[in-house]
Number of protein chains: 2
Amino acid sequence: MEKLYTKETLRAMIQPVTDAVYVLNGKWKLAILICLTFENMRFRQLTNEIPQITDRMLSKELKELETNLLIRRTVSPAAPKRFEYSITDHGKSLHNVVIELHKWGLKHREEISQR
Amino acid sequence: MEKLYTKETLRAMIQPVTDAVYVLNGKWKLAILICLTFENMRFRQLTNEIPQITDRMLSKELKELETNLLIRRTVSPAAPKRFEYSITDHGKSLHNVVIELHKWGLKHREEISQR
DNA sequence: CAGCATCCCAAACGATACTG
DNA sequence: CAGTATCGTTTGGGATGCTG
């Protein structure tokens, strides 16, 4: 983001960037997405992967992720019914964002711990 | 984030990614950062660039950004004193994150508006 | 197992007024 | 200009218990 960017270009970035963080916000959203990146999971599996989360919050966060088309909930028709959560293509498109956040998160921890 | 990643690798990503969004969270943080990417700015300039923000919120967000070493506040010694905010190298290191968030934010808006 | 309902506390945010 | 103080509202989130 050097001076290659005009003021107008930068101004135009604010809204999309703000939108993005807004969607990803919530204490557990990224954790859930990262889990579902590895494999489809059921509700109880997710609570095991993310031990501190409560049922209430998992339920809420899953709904919001679904609303934003980042994950999908499927019910197997046959008894016993299985409820499974999986990441959508749109969710997968967060790949680069997650990678960059990860890199920067590590860097930031170092930076902060040094002072 | 395909199956190149083991479950352990993905588990290890959760904390850094969560750290990163935590730091960037707050309704105006990225907006401020993007503004300061273009040029150093004074308090009142920032409120002009980001019309909806209140003095209180700008003040709060600036402090948090400074605590996290993303921006710097400098006071010119000569009268009249000038208080200026500028982005730090660490703040600039968010470049890739911002770029990816921007790209994804645009994509997301399209995705959502289609349904 | 897969949640939802309720209650409650803390943090985020906004509006307004005021100060050096 | 560059903020701070105070107050009220809204949202986020934890604890617990209940349901199909």
Side-chain angles (χ1 to χ4, degrees), chain A residues 14-15 17-36 39-68 70-87, chain B residues 14-15 17-36 39-68 70-87:
Chain A
I14 293 180
Q15 196 54 54
V17 170
T18 304
D19 289 352
V21 297
Y22 181 77
V23 170
L24 299 181
N25 202 0
K27 199 169 172 183
W28 312 100
K29 291 235 172 59
L30 269 308
I32 295 168
L33 280 172
I34 291 175
C35 285
L36 294 181
E39 59 184 0
N40 299 355
M41 286 193 187
R42 307 179 62 180
F43 193 91
R44 202 50 59 191
Q45 265 180 290
L46 281 164
T47 64
N48 293 336
E49 281 296 324
I50 312 171
Q52 313 98 306
I53 200 171
T54 62
D55 284 2
R56 185 180 105 85
M57 284 311 295
L58 180 54
S59 176
K60 264 195 59 180
E61 301 277 59
L62 286 171
K63 279 213 181 83
E64 292 175 27
L65 289 170
E66 209 185 340
T67 298
N68 281 309
L70 300 177
I71 66 170
R72 178 190 308 117
R73 180 181 186 268
T74 49
V75 187
S76 76
K81 284 191 165 58
R82 287 176 62 92
F83 304 88
E84 221 175 43
Y85 293 92
S86 55
I87 193 165
Chain B
I14 293 180
Q15 196 53 53
V17 170
T18 304
D19 289 352
V21 297
Y22 182 77
V23 170
L24 300 181
N25 204 357
K27 200 168 172 184
W28 313 100
K29 291 233 172 60
L30 271 306
I32 296 169
L33 245 13
I34 290 174
C35 286
L36 294 181
E39 61 184 359
N40 298 354
M41 287 193 186
R42 306 179 63 179
F43 193 92
R44 203 49 59 191
Q45 265 180 290
L46 282 164
T47 63
N48 292 337
E49 283 296 324
I50 312 171
Q52 314 97 308
I53 199 171
T54 62
D55 285 1
R56 184 180 104 82
M57 284 311 294
L58 179 55
S59 176
K60 264 195 62 181
E61 301 276 59
L62 286 171
K63 280 212 179 81
E64 292 175 27
L65 289 169
E66 209 186 341
T67 299
N68 281 309
L70 300 178
I71 67 170
R72 177 190 309 117
R73 179 183 187 268
T74 50
V75 187
S76 75
K81 284 192 164 57
R82 287 175 61 91
F83 304 88
E84 220 174 42
Y85 293 92
S86 55
I87 193 164

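Any value given below was found using the heavy atoms of this structure, including those in side chains, with hydrogens, waters and symmetry copies removed. The chains referred to below are lettered A, B, ... by the order of the sequence lines, with proteins before strands, and numbering in each begins at 1.
A 4.5 Å side-chain heavy-atom check between B:Leu62 and B:Leu46 finds at least one atom pair inside the cut-off.
Counting all heavy atoms, side chain and backbone alike, B:Pro80 lies closest to B:Ser76 at O-OG, 3.9 Å. A pairwise comparison of heavy atoms in B:Met41 and B:Glu49 identifies CE-CG, 3.7 Å as the closest pair.
End-to-end axis angle for the helix from C:dC1-D:dG20 to C:dG20-D:dC1, using five pairs per end and rounding to 10°, comes out at 40°.
Evaluation of the side-chain hydrogen bond (donor to acceptor under 3.5 Å, both in side chains) rule for B:Gln45 yields no partner, not counting sequence neighbours. Remark: B:Arg56 engages no residue in a salt bridge (charged side-chain N to carboxylate O under 4.0 Å, His left out) (not counting sequence neighbours). For B:Thr74, the side chain to side chain contact (heavy atoms under 4.5 Å, CB included) partners at least two apart in sequence or on another chain are B:Arg72, B:Glu84. Shown here are the side-chain hydrogen bond (donor to acceptor under 3.5 Å, both in side chains) partners of A:Glu66, two or more places apart in sequence or in another chain: there are none. For A:Arg73, the side-chain hydrogen bond (donor to acceptor under 3.5 Å, both in side chains) test picks out A:Tyr85, with sequence neighbours left out. Residues satisfying the salt bridge (charged side-chain N to carboxylate O under 4.0 Å, His left out) test with B:Arg44, not counting sequence neighbours, are B:Asp55.
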Please list, one pair per line, the donor and acceptor atoms closer than 3.5 Å that link side chains of residues 20-36 of chain A to other protein atoms, with sequence neighbours excluded.
residue: A:Asn25; atom: OD1; partner: B:Asn25; partner atom: ND2; Å: 2.8
residue: A:Asn25; atom: ND2; partner: B:Asn25; partner atom: OD1; Å: 3.0
residue: A:Lys29; atom: NZ; partner: A:Asn25; partner atom: O; Å: 2.6
residue: A:Lys29; atom: NZ; partner: A:Glu61; partner atom: OE1; Å: 3.0
residue: A:Lys29; atom: NZ; partner: A:Glu64; partner atom: OE1; Å: 2.8

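Following rounding to the nearest Å, A:Lys63 (NZ) and C:dG3 (C1') show an atom-to-atom distance of 8 Å. In this structure, A:Arg73 places its CZ atom 15 Å from P of C:dC1, rounding to the nearest Å.
Nucleotides of DNA chain D lying under 4.0 Å from heavy atoms of chain A occupy a range whose first and last members, 5' to 3', are D:dG13 to D:dA15.
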Given protein heavy atoms under 4.0 Å, the one-letter contact record of nucleotides 8-18 of chain C, with B base, S sugar-phosphate only and - none, is simply -----BBB---

